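Worth saying up front: this structure is predicted, and the values here are computed from it rather than measured. Along the sequence shown, the residues carry numbers beginning at 1.
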Amino acid sequence: MPCGLSVLVRNRKSLQVVSGSELESALDTVRANAAGPVAGVFGPDTVTWQIDREAVIFLGAGRALLLQLAHPWVTAAIAEHSKTLADPIGRFHRTFDIVFAMVFGSLDRALLSSRQLHRRHSMIVGEMPETVGPFAAGSRYCADDIPSLRWVHATLVETALMAHDLVLPPLSADERERYWAESRLFGALFGLTAHDLPADWSGFAAYTAAMTQSDTLTVSPAARDIAAQIFGGARPWLRPPRWYRALTASLLPESLRVGFGFELDERDTRSAEKALRWIRRVYPRLPDRLRYVGPYQEAQARLRGEPQPDWITRCLNRAWIGRSQMDVRGRG
């Protein structure tokens with residue numbers, strides 16, 4: 001039973017859990033607004049595809065992770081239920097497999113990923129090991145709690161746009177509104193309804209600003225330890241380069257940067273600025289084969305009626321999602 005019957009009984013007032021029936025209701029909204037069975041939820045004419053196809057959005061992956069770790073429930077769930085530190089590459093592949101399937105998969109594939117994510121979240125439940133911010137020791141958490149899902153969704157949406165605009169021409173005001181409207185549909189794949197999310201971009205910006213200023217985001221010792229192991233390189237061969245660590249730190253709100261213990265000296269700042277100058281000069285000139293992520297290229301092949309992606313796309317998919325093909329046909 002999602003999150004356990006005892007959790008729901010004892011925490012009826014504190015937990016707002018997405019039930020299976022509520023997810024299916026949200027998915028009805030997705031179906032009604034989807035681009036089509038083959039194009040998927042969004043399709044080639046959307047701002048979401050325009051942004052998420054860019055490999056450069058990986059520049060924001062560290063920021064999104066740290067923003068999620070700043071939520072004490074997310075950190076507790078990762079510490080107790082995730083293999084992030086034992087298998088960081090596997091965690092990377094699982095995360096991008098789900099997100100890219102929702103964005104670039106056929107409609108059936110996107111809905112399948114949504115249900116898989118909900119089932120996985122329904123098993124992630126536990127107790128806070130210590131008091132962190134407003135969350136008392138012993139209080140229960142659940143990954144299908146709506147406020148937590150709303151924050152994780154927000155970190156993905158905001159950071160993808162931020163990374164895009166770091167390198168490529170920024171979206172116009174109208175494009176941002178379209179992007180947010182599409183992101184509300186993306187949220188429905190998490191089980192979030194129209195009532196759970198701001199109505200427009202200004203409301204979304206106000207929500208993220210309020211979250212970063214609230215004590216809901218509190219960097220716990222566990223969050224700091226996970227971040228140190230990832231960015232400090234518990235495994236030296238996986239250690240992010242200096243410029244990436246510096247760029248990630250510079251993209252964080254000041255209070256969270258300090259909370260995670262990131263220091264930005266003059267050398268760090270120069271390193272990030274030099275890397276960004278080089279990326280801005282080279283990246284827009286890359287051929288589409290290198291610039292666009294494998295799942296986007298697979299989606300384009302699907303729209304052309306090709307039975308499977310070619311070998312280059314399959315290789316790119318292995319790098320991004322850990323397997324050669326994103327779409328799963330014949331399953332709903």
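- Within the model, atoms CZ of Phe190 and CG of Leu156 stand 5.5 Å from one another, a figure rounded to the nearest 0.5 Å.
- A single hydrophobic cluster is not seen to contain both Leu316 and Ile321; linkage of ILVMFWY side chains at heavy-atom distances under 4.5 Å, directly or through other members, places them apart.
- Looking at Arg280, its side chain never comes within 3.5 Å of a backbone N or O of Leu168 through a donor-acceptor pair.
- To the nearest 0.5 angstrom, Ser113 atom OG is 11.0 Å from Asp108 atom CG.
- Atom CD1 of Ile51 and atom CG of Leu161 lie 5.0 Å apart (nearest 0.5 Å).
- Proximity of a side-chain donor or acceptor of Asp196 to a complementary backbone N or O of Thr193 within less than 3.5 Å is detected.
- Across every non-hydrogen atom of Pro72 and Val132, the tightest pair is CG-CG1, 3.6 Å.
- The shortest non-hydrogen separation linking Ala39 to Ala35 is CB-CB, 3.8 Å.
- Contact check on Arg302 versus Glu306 returns no salt bridge, with no Lys/Arg side-chain nitrogen under 4.0 Å from an Asp/Glu carboxylate oxygen.
- Applying the side-chain contact (heavy atoms from CB on, under 4.5 Å) test between Gln16 and each of Pro147, Ser148, Cys142 identifies Pro147 as the sole match.
- Summarising the geometry, atom CG belonging to Asp265 is positioned 8.0 Å from atom CZ belonging to Arg270; distances are rounded to the nearest 0.5 Å.
- Counting non-hydrogen atoms of neighbouring residues, nucleotides and ligands closer than 6.0 angstrom, the OH atom of Tyr207 exceeds 12 such neighbours.
- Here the side chain of Gln297 pairs a donor or acceptor atom with the backbone of Arg289 at under 3.5 angstrom.
- In terms of modelled atom types and a separation under 3.5 Å, the side chain of Arg63 and the main chain of Leu251 share a donor-acceptor contact.
- Closest non-hydrogen pair, His118 versus Val18, comes out as NE2-O, 2.9 Å.
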- Message: One pair to check against side-chain contact (heavy atoms from CB on, under 4.5 Å): Asp52 and Phe42. What are the steps and the verdict?
- Response: CA-CA 11 Å; Asp52 287 0; Phe42 301 101; over 6 Å; no
- Message: Evaluate Thr218 against Asp215 for side chain to side chain donor-acceptor pair (under 3.5 Å), listing each step before the verdict.
- Response: CA-CA 6 Å; Thr218 304; Asp215 63 352; 5.8 Å; no
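- Using a 4.5 Å heavy-atom cutoff, the side chains of Leu107 and Leu111 are in contact.
- Ring centroids of Phe262 and Phe231 are separated by less than 6.0 Å, placing the two rings close together.
- Looking at Ser25 and Glu22, their side chains never bring a donor and an acceptor atom within 3.5 Å of each other.
- Thr159 places a side-chain N or O within donor-acceptor distance of the main-chain N or O of Thr155, the cut-off being under 3.5 Å.
- Here the side chains of Val219 and Leu69 are not in contact, with every heavy-atom distance at 4.5 Å or above.
- Only one option out of Arg242, Arg245, Arg257 pairs with Asp268 in a salt bridge (Lys or Arg N to Asp or Glu O under 4.0 Å); it is Arg242.
- A chain of hydrophobic side-chain contacts below 4.5 Å, direct or via other Ile, Leu, Val, Met, Phe, Trp or Tyr residues, connects Phe260 to Tyr244.
- Under the 4.5 Å side-chain heavy-atom criterion for grouping Ile, Leu, Val, Met, Phe, Trp and Tyr, Leu256 is connected to Met162 within one hydrophobic cluster.
- A heavy-atom distance below 4.5 Å is not found between the side chains of Gln308 and Ser324.
- A donor-acceptor pair under 3.5 Å is formed between the side chain of Trp49 and the backbone N or O of Val103.
- In this structure, Asp288 does not pair ionically with Arg291, as no charged nitrogen and carboxylate oxygen lie closer than 4.0 Å.
- For the pair Ser183 (side chain) and Phe186 (backbone), a donor-acceptor distance under 3.5 Å is absent.
- Put simply, the side chain of Ser114 never gets that close to the backbone of Ala110: no donor and acceptor are under 3.5 Å apart.
- Salt bridge status for Arg314 with Glu298: absent, with no side-chain N to carboxylate O gap under 4.0 Å.
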- Message: Under the criterion side-chain contact (heavy atoms from CB on, under 4.5 Å), I'd like the reasoning laid out for Arg178 against Thr48: C-alpha separation, chi angles, the key distance, then a yes or no.
- Response: CA-CA 9 Å; Arg178 284 178 54 202; Thr48 297; over 6 Å; no
- Task: Apply side-chain contact (heavy atoms from CB on, under 4.5 Å) to the pair Leu276 and Trp243, showing each step before the final yes or no.
- Result: CA-CA 9 Å; Leu276 266 182; Trp243 68 263; over 6 Å; no
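- Under 3.5 Å, the side chains of Glu54 and Tyr283 contain a donor-acceptor pair of N or O atoms.
- Here the side chain of Thr46 pairs a donor or acceptor atom with the backbone of Gly43 at under 3.5 angstrom.
- When hydrophobic clusters are built by joining Ile, Leu, Val, Met, Phe, Trp and Tyr residues whose side-chain heavy atoms come closer than 4.5 Å, directly or via intermediates, Leu252 is not grouped with Val258.
- Contact record, Pro129 with Glu80: CD-OE2, 4.1 Å, taken as the closest heavy-atom pair.
- The CD atom of Gln229 sits 13.5 Å away from the CZ atom of Arg224 when rounded to the nearest 0.5 Å.
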- Message: Evaluate Arg94 against Asp97 for salt bridge (charged side-chain N to carboxylate O under 4.0 Å, His left out), listing each step before the verdict.
- Response: CA-CA 5 Å; Arg94 288 189 295 274; Asp97 187 22; over 6 Å; no
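- Side-chain contact between Val74 and Val152: present, with at least one pair of heavy atoms (C-beta onward) separated by less than 4.5 Å.
- Put simply, the side chain of Ser106 does not reach to within 4.5 Å of the side chain of Val38, judged on heavy atoms.
- No side-chain heavy atom of Val41 sits less than 4.5 Å from a side-chain heavy atom of Glu182.
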- Item | Working for side-chain contact (heavy atoms from CB on, under 4.5 Å), residues Ile279 and Val56 | CA-CA 9 Å; Ile279 293 169; Val56 77; 4.2 Å; yes
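- Ring-plane geometry between His71 and Trp73 is classed as tilted, the angle between the planes lying from 30 to 60 degrees on a 0 to 90 degree scale.
- Note that CD1 of Ile124 is 8.5 Å distant from CG of Asp144, once rounded to the nearest 0.5 Å.
- Nearest heavy-atom pair, Ala246 versus Leu264, reported as atom, atom and distance to 0.1 Å: O-CD2, 3.6 Å.
- Heavy-atom contacts from other residues, nucleotides or ligands closer than 6.0 Å to CZ of Arg304 number more than 12.
- Residues Leu171 and Gln50 form a side-chain contact, since some pair of their non-hydrogen atoms from C-beta on lies under 4.5 Å apart.
- Between the Ser214 side chain and the Met211 main chain, a donor and an acceptor come within less than 3.5 Å of each other.
- Aromatic pair His164/Tyr179: ring centres not closer than 6.0 Å.
- By the 30° and 60° cut-offs, the orientation of the rings of Phe100 relative to Trp320 is perpendicular.
- Arg176 and Asp200 are not joined by a salt bridge, as no carboxylate oxygen comes within less than 4.0 angstrom of a charged side-chain nitrogen.
- No continuous path of ILVMFWY side-chain contacts below 4.5 Å connects Trp311 to Leu290, so the two sit in separate hydrophobic clusters.
- Counting heavy atoms from C-beta on, the side chains of Arg115 and Glu24 come closer than 4.5 Å.
- Across Leu59 and Ala163, no two heavy atoms sit closer than the pair CB-CB, 4.4 Å.
- Residue Pro295 forms a side-chain contact (heavy atoms from CB on, under 4.5 Å) with just one option from Gln300, Gln325, Arg109, Met326, and that option is Met326.
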